[in-house]
Amino acid sequence: MRNRWPYLIFTFAILLACYSVVVVREVMGLETTLWIVGTVVASDVLGYFVGRKLGGPKFWPAVSPKKTWSGTVAGWLGAVVLGLALVLSGQAGWGVIMVAPVIAIFGQAGDIAESWLKRRVGVKDSSDLIPGHGGLMDRFDAMSGAFLAALLAMILGILPQIGG
């Protein structure tokens with residue numbers, strides 16, 4: 001069998017991401033936790049639809065052949081727009097606009113990491129629980145990366161608190 005270190009690192013990252021959800025929820029509150037989830041969803045949805053509509057150069061074809069640069073950038077912009085909506089509604093300070101694309105980038109990194117791991121072991125889908133959608137882990141891989149980034153941002157004191 002190939003080197004096992006990538007699987008060990010991936011397992012540790014998933015466990016740390018789960019811990020991150022709990023810590024962010026407890027320390028920063030439900031609103032901040034939901035903002036991170038919303039940022040990942042906005043980034044994923046915009047990335048998918050804009051990438052399919054505009055196409056263009058591939059982001060990393062050897063690992064994730066359908067991801068495009070247009071979709072990637074659209075995901076970052078979606079994160080910023082969500083942050084701007086929170087600022088304009090009085091729910092967050094301007095710092096959210098700086099952190100939002102970082103959360104989106106780390107979310108995309110989680111997605112790329114899971115795609116790389118699937119390619120490494122030669123499988124297309126991580127499960128058949130959700131047919132045609134890459135498996136159950138495809139619903140959570142971006143959340144894992146985003147919450148790891150959120151924990152780091154919280155430790156550095158730059159994770160914005162949303163709401164009260």
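Only heavy atoms go into these numbers, but all of them, side chains included; no hydrogens, no water, no symmetry mates. The shown structure was predicted, so the numbers you read here are calculated from the model rather than taken from an experiment.
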So which heavy atom on [X] is nearest to which on [Y], and how close?
X      : Y      : result
Ala150 : Val24  : CB-CG2, 4.1 Å
Leu86  : Ser89  : O-OG, 3.1 Å
Ala146 : Ile36  : CB-CG2, 4.1 Å
Ala104 : Gly75  : CB-O, 4.1 Å
Thr32  : Pro160 : CG2-O, 3.5 Å
Ala100 : Ala79  : CB-O, 3.3 Å

Given side chains that start at C-beta, do those of [X] and [Y] come closer than 4.5 Å, heavy atoms only?
X      : Y      : result
Phe12  : Ile9   : no
Val23  : Leu151 : yes
Thr33  : Phe147 : yes
Ile112 : Lys67  : yes
Glu31  : Gln91  : no
Leu84  : Trp94  : yes
Tyr19  : Leu15  : no
Val41  : Met143 : yes

Determine yes or no for a side-chain-to-main-chain donor-acceptor pair under 3.5 angstrom, with [X] supplying the side chain and [Y] the backbone.
X      : Y      : answer
Thr39  : Trp35  : yes
Glu114 : Asp141 : no
Ser70  : Gly55  : yes

Can you tell me how far [atom2] of [Y] sits from [atom1] of [X], rounded to the nearest 0.5 angstrom?
X      : Y      : atom1 : atom2 : answer
Thr68  : Phe59  : OG1   : CZ    : 10.0 Å
Leu152 : Ile158 : CG    : CD1   : 7.0 Å
Gln108 : Asp44  : CD    : CG    : 7.5 Å
Phe140 : Cys18  : CZ    : SG    : 9.5 Å
Ser144 : Phe106 : OG    : CZ    : 13.5 Å
Ile97  : Leu82  : CD1   : CG    : 10.0 Å

Subject >> With Lys58 via salt bridge (charged side-chain N to carboxylate O under 4.0 Å, His left out) - residues at least two apart >> reply: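 Salt bridge (charged side-chain N to carboxylate O under 4.0 Å, His left out) check on Lys58 returns nothing, list empty.
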With hydrophobic residues grouped by side-chain heavy-atom distances under 4.5 Å, do [X] and [Y] end up in a single group?
X      : Y      : value
Met28  : Val99  : yes
Val87  : Leu34  : no
Val81  : Leu88  : no
Val22  : Ile162 : no
Leu156 : Ile105 : no

